[in-house]
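Note on naming: letters A, B, ... go to the chains in the order of the sequence lines (proteins, then strands), and numbering restarts at 1 for each one.
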Amino acid sequence: KAGVTQTPRYLIKTRGQQVTLSCSPISGHRSVSWYQQTPGQGLQFLFEYFSETQRNKGNFPGRFSGRQFSNSRSEMNVSTLELGDSALYLCASSLTGGVVADTQYFGPGTRLTVL
Amino acid sequence: AQTVTQSQPEMSVQEAETVTLSCTYDTSESDYYLFWYKQPPSRQMILVIRQEAYKQQNATENRFSVNFQKAAKSFSLKISDSQLGDAAMYFCAYRMMRGSNYKLTFGKGTLLTVNP
């Protein structure tokens, strides 16, 4: 079974631009979570989607948004990029993400650099 | 809000030796899950071991075992017979069992170096 895939793996943008990152979960997984990883703040939860609905959201500004499609693939969008948005963005998928503590499987991440 | 603290930013161990990574957490919940994740230099996060708070028995996965002390809110990871491939950043994580927010809350991580 293929693992979680994220595209692109690396991205360089300039301040003020917007960016879209993509995540394809493991086949059959319906929950997709996004995390931001930086040296200073560590791993921080962005949001979680289940069956095309945002179920949980972390403490990030409205510039960070996401969505999930009917095939469970998810995208996250960051508008009006700031230097502080430079980070590794990790996507994790799980079967349900909820009632049963099914394991979250992580993708390799997208390294975003904002210049 | 739940917090997870890893007090050792870096640890090193000799190959074939045993090392213990520390983790403490704070929560008002009585039921929850605790995890150790490993992130090698390639950056793919991998689950190492999981512990359910309602289970008194410590979880074990081959060379990896935990010491779960619920009253002390402590969750340490012991790696026995350390191998070069164990070198990675290790993250301790917490997740609620009930409610509607199932996010993982991570500690800052411990960078483990394995010396040959």
Side-chain angles (χ1 to χ4, degrees), chain A residues 2-6 8-10 23 25-26 29-51 53-60 64 66 87-112, chain B residues 1-10 23 25 27 29-55 59 61 64 66 68 75 88-111:
Chain A
V4 179
T5 58
Q6 292 186 246
R9 292 292 309 277
Y10 302 91
C23 171
I26 292 171
H29 285 195
R30 296 168 63 191
S31 170
V32 174
S33 298
W34 289 88
Y35 295 85
Q36 181 196 64
Q37 185 176 20
T38 60
Q41 299 298 316
L43 282 148
Q44 293 185 287
F45 172 76
L46 280 156
F47 27 65
E48 184 231 351
Y49 285 87
F50 179 77
S51 292
T53 301
Q54 186 182 86
R55 193 160 60 173
N56 293 295
K57 190 177 191 305
N59 295 323
F60 278 82
F64 292 82
L88 181 67
Y89 290 88
L90 294 169
C91 162
S93 80
S94 63
L95 279 168
T96 66
V99 178
V100 177
D102 47 341
T103 298
Q104 289 194 26
Y105 294 90
F106 284 81
T110 293
R111 168 69 66 187
L112 172 64
Chain B
Q2 295 82 13
T3 59
V4 178
T5 302
Q6 293 178 249
S7 59
Q8 308 151 315
E10 296 184 28
C23 172
Y25 57 94
T27 182
E29 301 289 322
S30 58
D31 291 318
Y32 45 87
Y33 300 98
L34 294 166
F35 307 86
W36 278 99
Y37 278 89
K38 167 185 176 181
Q39 189 179 39
S42 66
R43 297 198 176 102
Q44 190 105 23
M45 193 89 74
I46 305 164
L47 177 67
V48 175
I49 201 164
R50 176 179 110 176
Q51 175 79 43
E52 289 84 353
Y54 59 83
K55 291 185 178 178
E61 288 288 341
F64 298 88
V66 298
F68 173 49
F75 183 61
M89 184 72 86
Y90 286 81
F91 292 97
C92 177
Y94 165 99
R95 206 205 82 164
M96 289 173 59
M97 183 179 290
R98 294 187 177 84
S100 60
N101 195 334
Y102 300 107
K103 70 174 185 179
L104 288 169
T105 299
F106 289 91
K108 294 288 189 183
T110 296
L111 180 62

Exercise. Calculate, to the nearest 0.5 Å, the distance between atoms CZ and CD belonging to B/F106 and A/Q37 respectively.
Key: 8.5 Å
Self-check item: side-chain contact (heavy atoms from CB on, under 4.5 Å), paired with A/L43, selected from B/K108, B/Q39, B/M45
Solution: B/M45
Quiz item: If you round to the nearest 0.5 Å, how far is CD of A/Q6 from CD of B/Q44?
Solution: 8.5 Å
Self-check item: OH-CZ distance between B/Y37 and A/F106, expressed to the nearest 0.5 angstrom
Solution: 5.0 Å
Quiz prompt | Greatest number of heavy atom pairs closer than 4.5 Å to chain A - which of B/L47, B/I46, B/L104 | solution = B/L104
Quiz item: By side chain to side chain contact (heavy atoms under 4.5 Å, CB included), which residues pair with A/Q54, not counting sequence neighbours?
Solution: A/F47, A/Y49, A/K57
Practice problem: Mind checking side chain to side chain contact (heavy atoms under 4.5 Å, CB included) for B/T5 and listing every partner two or more places apart, or none if nothing turns up? | Solution: B/T24
Self-check item: Contacting region of A/Q44 [heavy-atom separation from chain B under 4.5 Å]
Solution: neither
